[in-house]
Amino acid sequence: MYSSKITGLGFYVPENIVTNDDLSKMMDTNDEWIQERTGIKERRWIKEGSGDSTSVMGAKAARKAIERAGLTKDDIDFIVFATLSPDMYFPGGGVEIQEMLEMPTIGALDVRNQCSGFVYAMSVADQFIKTGMYKNILVIGSENHSGGLDKTTRGRNVSVIFGDGAGAVVLSRSEEEGKGILSTHLHSEGKHAKELVLEGPSTGRWVPEIIENNDPDDISYYPYMNGQFVFKHAVTRFSEAILEGLEKNGLKPDDIDLLVPHQANLRIAQFIQKKFKLNDDQVYNNIMYYGNTTAASVVIALSEAWEKGKIKDNDLVVLAAFGSGFTWGSVFIRW
Ligand code: ACO
């Protein structure tokens with residue numbers, strides 16, 4: 001049986017920096033509240049007219065990943081694209097990437113698992129490689145949150161958290177034993193679907209119905225989050241996903257060289273760090289500068305950590321995520 005390893009990675013974020021002070025001009029919020037509760041100092045939001053979109057950013061990150069893998073677009077056999085903010089209701093973003101990168105008619109699959117999207121996408125790609133079906137898979141996470149947030153005081157508990165950006169990796173077939181993806185672990189608990197949700201537009205909350213009701217209090221087309229409820233579940237599920245991978249691979253927390261947690265809230269990452277007694281060098285966070293970029297967050301952080309030389313050959317790298325669904329999971333990698 002083959003294993004899969006990351007051979008190239010890259011990320012792209014829009015140039016436009018939005019600071020907490022910028023947000024305080026749009027809504028009743030302030031830098032102190034945002035930093036204290038979330039750790040976020042600034043985020044990137046797509047500037048109107050820049051041409052960026054979820055798929056455009058995904059394609060930019062993907063080009064870097066392919067080049068760094070020493071491959072060309074024609075070497076890619078399959079695309080797995082994770083996002084909750086696709087350019088179109090349908091089709092998904094994967095086919096847009098296939099077209100933007102002028103790739104041959106390879107398959108493209110979209111993953112709809114919000115903040116766990118990239119972890120799920122990596123697991124899907126890993127299975128295709130292990131079975132021998134594909135050799136090189138492009139795995140992308142990309143989000144355009146700024147296009148769909150309530151940027152008034154009404155939406156402040158959600159809108160100050162989210163940022164735009166994309167990241168991508170090339171996952172390639174490997175025959176090196178004990179290297180690459182060691183295991184992946186995926187979970188969900190749909191009973192909490194409505195605790196972190198964007199209901200409409202959807203077939204359950206269709207546009208004509210929203211327009212017809214003309215209800216100024218109907219904000220079902222903006223994201224809703226029960227923040228404290230999500231926070232409590234996040235810390236528990238993050239820990240479980242990491243423990244599960246450690247047990248499966250016969251490892252201890254101290255064996256982790258780099259934990260790359262989903263950048264949901266710096267307080268969540270700090271809680272996990274303390275729980276597993278990891279030092280600062282064992283955890284990579286960049287939510288301070290990008291906010292929560294959902295399906296892109298883990299891969300942006302992984303790429304940035306790699307660019308900064310924080311990942312060495314043979315390191316144990318752990319990716320972990322939790323988000324809307326609820327969904328959560330982890331990926332254990334021997335680099
Ligand atoms: N600025 C100023 N005040 C605010 C803001 C803001 N942006 N937002 C909320 N407040 C106020 C509230 O109105 C409330 O005021 P009150 O006490 O007078 O009623 C007060 O601040 C406290 O609000 P809480 O919601 O209780 O604040 P909390 O400490 O829980 O922080 C947060 C909110 C940051 C959202 C936190 O709950 C959190 O991070 N939750 C988890 C997020 C997460 O993990 N999401 C998963 C991934 S996302 C995905 O999957 C798409």
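One-based numbering, in listed order, for ligands and for the atoms of each. In this text, all values refer to a predicted model and were calculated from it rather than measured experimentally. The residues of the chain are indexed from 1 along the displayed sequence.
- A cation-pi arrangement is found for K64 relative to F11, the charged atom lying closer than 6.0 Å to the ring centre and inside a 45° cone about the ring normal.
- By the 6.0 Å and 45° rule, R237 does not stack over the aromatic ring of F322.
- Inspection of the D126 and T184 side chains reveals no N or O donor paired with an N or O acceptor under 3.5 Å.
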Contact table, ligand 1 N/O with protein N/O, distance under 3.5 Å:
from     : atom 1 : to   : atom 2 : distance (Å)
ligand 1 : 1 (N)  : T29  : OG1    : 2.6
ligand 1 : 3 (N)  : W33  : NE1    : 3.4
ligand 1 : 7 (N)  : T29  : OG1    : 3.1
ligand 1 : 7 (N)  : R156 : O      : 3.1
ligand 1 : 13 (O) : R156 : NH2    : 3.0
ligand 1 : 21 (O) : W33  : NE1    : 3.1
ligand 1 : 26 (O) : Q228 : NE2    : 2.6
ligand 1 : 27 (O) : R37  : NH1    : 3.4
ligand 1 : 29 (O) : R37  : NH1    : 2.8
ligand 1 : 37 (O) : G227 : O      : 3.1
ligand 1 : 39 (O) : N265 : ND2    : 2.6
ligand 1 : 40 (N) : G227 : O      : 3.0
ligand 1 : 50 (O) : S324 : N      : 2.9

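- Between atom OH of residue Y284 and atom CD1 of residue I300 there is a gap of 11.0 Å, rounded to the nearest 0.5 Å.
- T294 pairs in a side chain to side chain donor-acceptor pair (under 3.5 Å) with only one of the listed residues (Q263, H262, H145), which is H145.
- Of the inter-residue distances, the one linking E304 atom CD with I311 atom CD1 reads 11.0 Å to the nearest 0.5 angstrom.
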